[in-house]
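Structure record follows, encoded as structure tokens.
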Amino acid sequence: MTLSHWLVKSEPNSYSYADLERDGRTVWDGVRNNAAALHLKAMKEGDEVFFYHSQEGLAVVGIARVVRTAFPDTTDPAGRFVAVELAPVRALARPVTLAEMKAEAALAGMAMLRQSRLSVSPVSADEWATILKMATG
DNA sequence: GCCAACGTTGGC
DNA sequence: GCCAACGTTGGC
């Protein structure tokens, strides 16, 4: 089975990567956007996920892993949306900022750059490798 | 704080 | 079913 890669956004004021490390795992709920929900449904156990800090930080700061695939989001009264569970893998050695990603030609097609408001987006294998390299450089 | 992008709602 | 109005997200 081939694993896929994703990116999720979170405002560190409400839930940061450090919070995920502290908790060990967390329910990724509250997504109320159909495109984002489709990506949640496509996540497989073991898929790796970049954890991006929006509003404050504006950078990919860590890697998480899908530990439970999509199930009904109990915070959605209408019962239409789904949640997954994520666990921390590791913090990046160096955060990769939005400005750096925008400046990197290899990331020009990246979903989160093309549609800035999408809170859950796919990351191609090449984009994943590019960002990992930027995090060590 | 402002504004662009974009999704949703509701009147027709 | 269209589209204007409105609300939310998120970068600047």
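This structure is a prediction, so every number in the text was calculated from the model and none was measured. To find a chain, count down the sequence lines: A is the first, B the second, and so on, and within it residues start at 1.
Per the geometry, CD belonging to A:Gln55 stands 9 Å off P belonging to C:dT9, to the nearest Å. Distance CZ (A:Phe81) to P (B:dT8): 7 Å, rounded to an integer number of Å. Rounded to whole Å, the distance from CD on A:Gln115 to C1' on B:dG7 is 10 Å. The nearest whole Å value for the distance from the CG atom in A:Leu113 to the P atom in C:dG10 is 14 Å. Across the protein-nucleic acid pair, A:Asn34 atom CG and B:dC6 atom P stand 16 Å apart, rounded to whole Å. At whole-Å resolution of the value, CG in A:Asp76 and P in B:dT8 are 12 Å apart. Across the protein-nucleic acid pair, A:Asn13 atom CG and C:dT9 atom C1' stand 15 Å apart, rounded to whole Å. As a whole-Å value, the separation of A:Lys102 NZ from C:dG11 P is 8 Å.
Contact annotation: A:Asn33 side-chain N/O to B:dT8 OP1/OP2 distance is not under 4.0 Å. Here A:Tyr52 does not reach the OP1 or OP2 of C:dT9: none of its side-chain N or O atoms lies under 4.0 Å away. Between A:Lys9 and C:dT8 there is no side-chain polar atom (N or O) within less than 4.0 angstrom of OP1 or OP2.
Of the N and O atoms on the side chains of A:Ser4 and A:Lys44, at least one donor lies less than 3.5 Å from an acceptor on the other residue.
Closest approach of A:Ala111 to A:Ser121, counting heavy atoms only: CB-CB, 4.0 Å.
Nearest to the side chain of A:Arg117, among C:dG11, C:dT9, B:dT8, sits C:dT9.
Not a single donor-acceptor pair, N or O on each side, falls under 3.5 Å between the base of C:dT8 and the side chain of A:Arg32.
Side-chain N or O atoms of A:His53 include one that pairs as donor or acceptor with a backbone N or O of A:Tyr17 at under 3.5 Å.
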### Message
With side chain to side chain donor-acceptor pair (under 3.5 Å) as the criterion, how do A:Asp73 and A:Thr75 come out once you've worked through the C-alpha distance, each side chain's angles and the decisive distance to 0.1 Å?
### Response
CA-CA 5 Å; A:Asp73 181 345; A:Thr75 69; 2.6 Å; yes

